Amino acid sequence: MTMPDEEPVWLDDAAGPVVRPYAVTGGRAKPANSFNVVALVLATRSAPPSEVGIAPEQARIIHLCQRPLALAEVAAHLSLPLGTVRVLLDGLIAQGFVQVNDPRQAATLPDDSVFEALINGLRQL
């Protein structure tokens with residue numbers, strides 16, 4: 001335990017203070033949505049720094065996602081587990097700060113005959 005007038009104890013110089021993921025999410029452990037790791041996250045508006053109910057990590061997500069980023073990229077930039085970022089995104093979606101777009105399902109892609117025709121057409125060139 002660190003006393004108020006003592007320096008905090010660092011595990012190593014590069015790690016900084018250790019914060020458990022449940023502390024970052026306000027105690028929530030499970031996201032309401034199960035976003036795909038390649039789902040694109042896009043900020044719909046910018047968050048003022050003093051916005052009530054916005055955690056620093058959520059503000060960083062909004063800042064990062066001014067252009068679309070995959071969920072896995074967001075987690076990597078924040079150095080947080082995917083599950084933690086999913087929980088943070090739930091709150092941002094509820095407040096209208098971000099939208100998450102899942103990738104197209106394989107069933108909606110053209111069937112193989114279209115790709116075969118394209119390859120054959122390219123070979124004839």
Side-chain angles (χ1 to χ4, degrees):
M1 185 166 136
T2 304
M3 300 304 286
D5 57 340
E6 293 180 11
E7 285 288 319
V9 176
W10 296 80
L11 297 177
D12 68 35
D13 291 336
V18 176
V19 177
R20 298 278 182 219
Y22 62 80
V24 174
T25 62
R28 293 170 300 166
K30 234 181 168 177
N33 300 299
S34 58
F35 305 114
N36 192 315
V37 295
V38 294
L40 294 178
V41 182
L42 177 64
T44 56
R45 58 186 173 125
S46 60
S50 62
E51 184 73 31
V52 177
I54 298 292
E57 294 81 8
Q58 288 176 311
R60 187 139 181 250
I61 290 172
I62 294 167
H63 176 72
L64 283 170
C65 296
Q66 293 300 310
R67 62 178 182 84
L69 275 181
L71 172 62
E73 289 179 279
V74 174
H77 281 289
L78 295 175
S79 299
L80 289 173
L82 283 168
T84 303
V85 174
R86 285 179 174 128
V87 172
L88 293 172
L89 284 175
D90 279 342
L92 290 173
I93 290 170
Q95 293 175 308
F97 284 107
V98 298
Q99 65 183 19
V100 178
N101 299 312
D102 279 325
R104 290 176 58 181
Q105 296 296 324
T108 62
L109 294 174
D111 75 31
D112 291 342
S113 65
V114 173
F115 296 115
E116 288 173 10
L118 176 65
I119 290 170
N120 291 335
L122 289 172
R123 285 182 183 149
Q124 289 177 2
L125 292 176

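Since this is a predicted model, take the numbers as computed values, not measurements.
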How close do [X] and [Y] get, counting heavy atoms only, and between which atoms?
X    : Y   : result
V100 : A39 : CG1-CB, 3.7 Å
Q66  : A43 : NE2-CB, 3.4 Å
I62  : R45 : CG2-O, 3.4 Å
V74  : C65 : CG2-SG, 3.7 Å
A70  : V37 : CB-O, 4.0 Å

To the closest 0.5 Å, what do you measure between [atom1] ([X]) and [atom2] ([Y])?
X    : Y    : atom1 : atom2 : answer
Q95  : Q58  : CD    : CD    : 6.5 Å
N120 : F115 : CG    : CZ    : 13.5 Å
L40  : D102 : CG    : CG    : 9.0 Å

Between [Y] and [X], is there a side-chain heavy-atom distance shorter than 4.5 Å?
X    : Y    : value
P103 : N36  : yes
V41  : L92  : no
T84  : E57  : no
L118 : L122 : yes
D90  : F35  : yes

(request) Return the set of residues passing side-chain contact (heavy atoms from CB on, under 4.5 Å) with I119 (not counting sequence neighbours), or none when no residue passes. (result) R123

(message) Tell me every residue that passes side-chain contact (heavy atoms from CB on, under 4.5 Å) with N101, counting only those two or more places apart in sequence or in another chain.
(response) Q99

(message) I'd like to know if I61 and L42 are part of one continuous hydrophobic network [Ile/Leu/Val/Met/Phe/Trp/Tyr, side-chain heavy atoms within less than 4.5 Å].
(response) no

(request) Apply side chain to side chain donor-acceptor pair (under 3.5 Å) to S79 and list each qualifying residue two or more places apart in sequence or on a separate chain. (result) none

